[in-house]
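The structure appears below as structure tokens.
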Amino acid sequence: MASEQFEYNLTAKEILEKEFKTGLRGYNPEDVDEFLDLVIKDYGSFTQEIETLREENIRLVQALDETPKRSASSQVDSAPVQPVGTTNFDILKRLSNLEKHVFGNKLNDNY
């Protein structure tokens with residue numbers, strides 16, 4: 001997945017340091033400065049948010065890349081473990097003996 005790079009025309013510092021020429025009927029410099037202060041504040045917030053999201057994206061991509069490795073190893077780890085020397089036949093035999101003991105002759109009466 002290629003990360004998109006955004007091209008910035010200005011930095012918050014460039015906006016802050018921008019000087020405007022005043023003309024005969026130009027804008028009120030104080031209004032321009034107030035507005036640019038808001039722009040600088042938003043621009044800084046947006047830049048920080050973009051950086052935070054990029055870092056989170058990198059973290060999530062890395063976690064996603066590791067997921068198949070984890071699931072493959074967890075499948076091996078979660079396989080049922082039988083005691084050494086115990087087979088399915090031994091388990092079925094023990095289960096049958098347990099049923100006979102618990103239910104007694106009731107099993108034979110039903111057949």
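Both backbone and side-chain heavy atoms feed into the values below; hydrogens, waters and symmetry mates do not.
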For a quick test of your reading: what N or O donor-acceptor pairs under 3.5 Å do the side chains of residues 41-51 make, sequence neighbours left out?
{"residue": "Tyr43", "atom": "OH", "partner": "Leu10", "partner atom": "O", "Å": "2.0"}
{"residue": "Ser45", "atom": "OG", "partner": "Lys41", "partner atom": "O", "Å": "3.1"}
{"residue": "Thr47", "atom": "OG1", "partner": "Tyr43", "partner atom": "O", "Å": "2.8"}
{"residue": "Gln48", "atom": "NE2", "partner": "Thr52", "partner atom": "OG1", "Å": "3.4"}

- Message: Are Ile58 and Gln62 packed together at the side-chain level, in the sense that at least one heavy-atom pair is separated by less than 4.5 angstrom?
- Response: yes
- Can you measure from CD (Glu17) to CD1 (Ile40) and round to the nearest 0.5 angstrom? 9.0 Å
- Message: Tell me every residue that passes side-chain contact (heavy atoms from CB on, under 4.5 Å) with Lys18, counting only those two or more places apart in sequence or in another chain.
- Response: Phe20
- Message: To the closest 0.5 Å, what do you measure between OG1 (Thr87) and CG (Leu92)?
- Response: 8.5 Å
With a 3.5 Å cut-off and sequence neighbours excluded, list the donor-acceptor pairs that the side chains of residues 28-38 form with protein atoms.
{"residue": "Asn28", "atom": "OD1", "partner": "Glu30", "partner atom": "N", "Å": "3.0"}

- Message: Measuring from atom CG of Asn88 to atom CG of Leu95, what distance do you get when rounded to the nearest 0.5 angstrom?
- Response: 11.5 Å
- Ile15 side chain near Thr11 side chain, heavy-atom distance below 4.5 Å: no
- Any chance you could lay out the side-chain contact (heavy atoms from CB on, under 4.5 Å) test for Glu56 and Leu60, step after step, and finish with the verdict? CA-CA 6 Å; Glu56 181 180 11; Leu60 292 172; 3.9 Å; yes
